[in-house]
Amino acid sequence: MKNDRRSGTRGRWHLLLLLVPFVWQVGAIPWINDITWDGLFLPFPMLWQMIGIVVATASIGAVYRIDRKRARESGELSLDEEENS
């Protein structure tokens with residue numbers, strides 16, 4: 001029986017999470033630039049960029065954790081790598 005995880009045909013849906021920061025920063029520009037809210041003494045586009053840093057970090061971290069979990073389950077991690085994670 002073929003291992004679908006190693007073949008790369010299935011189980012890579014979580015890589016789509018890496019598109020979230022791109023859509024956050026580039027895809028939403030037309031809507032964000034029209035907002036004139038000036039809370040916290042910052043223009044809204046600047047606040048949007050700062051929140052985008054947190055969103056990007058969270059999505060990259062989620063992909064990393066999912067990859068490590070799958071590698072651990074499939075036995076692809078060596079003993080040294082497991083101890084360091």
Side-chain angles (χ1 to χ4, degrees):
M1 186 171 174
K2 185 177 172 182
N3 188 350
D4 288 331
R5 287 187 184 179
R6 288 188 182 170
S7 69
T9 58
R10 267 186 74 195
R12 293 298 201 181
W13 60 268
H14 65 282
L15 295 179
L16 292 175
L17 289 173
L18 297 175
L19 290 176
V20 171
F22 178 77
V23 172
W24 182 277
Q25 297 296 330
V26 177
I29 287 175
W31 298 284
I32 300 306
N33 281 338
D34 292 338
I35 298 175
T36 58
W37 181 75
D38 194 20
L40 302 174
F41 306 107
L42 291 172
F44 188 74
M46 184 178 290
L47 182 62
W48 183 260
Q49 293 285 326
M50 291 167 60
I51 295 170
I53 293 170
V54 175
V55 169
T57 303
S59 65
I60 292 169
V63 169
Y64 175 77
R65 293 196 71 177
I66 292 168
D67 278 343
R68 295 291 283 190
K69 180 181 176 188
R70 288 186 176 183
R72 194 176 309 120
E73 289 173 354
S74 67
E76 293 175 5
L77 285 180
S78 69
L79 215 50
D80 293 334
E81 291 173 331
E82 281 190 44
E83 290 174 358
N84 292 333
S85 64

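Values below: all heavy atoms of this structure, side chains included; hydrogens, waters and symmetry mates excluded. Along the sequence shown, residues are numbered consecutively beginning with 1. Not measured: the values here are computed from a predicted model.
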Before accepting this row, confirm whether a basic side-chain N of the pair R72/D67 lies closer than 4.0 Å to the acidic partner's carboxylate O.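 So R72 does not pair with D67 through a salt bridge.
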
If you compare all heavy atoms of D38 against all heavy atoms of P43, which two are closest, and at what distance to 0.1 Å?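 Minimum heavy-atom contact is OD1-N, 3.6 Å.
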
Give the minimum heavy-atom separation between S59 and A56, together with the two atoms involved.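 That would be OG-O, 3.0 Å.
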
How long is the gap from CZ on F41 to CE on M46, to the nearest 0.5 Å?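 The distance works out to 14.5 Å.
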
Measure the CG-CD1 distance between D34 and I29 for me, rounded to the nearest 0.5 Å.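 Answer for the CG-CD1 pair, D34 versus I29, is 11.5 Å.
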
Within the 4.5 Å heavy-atom criterion, are [X] and [Y] side-chain neighbours or not?
| X | Y | answer |
| --- | --- | --- |
| F44 | I32 | yes |
| Q25 | V55 | no |
| R65 | I60 | no |
| W48 | I35 | no |

Crowded around W37 CH2? As in, over 12 foreign heavy atoms under 6.0 Å?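 It does: W37 CH2 has more than 12 such atoms within range.
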
Candidate pair L19 and L16, rule side-chain contact (heavy atoms from CB on, under 4.5 Å), full reasoning: CA-CA 6 Å; L19 290 176; L16 292 175; 4.0 Å; yes

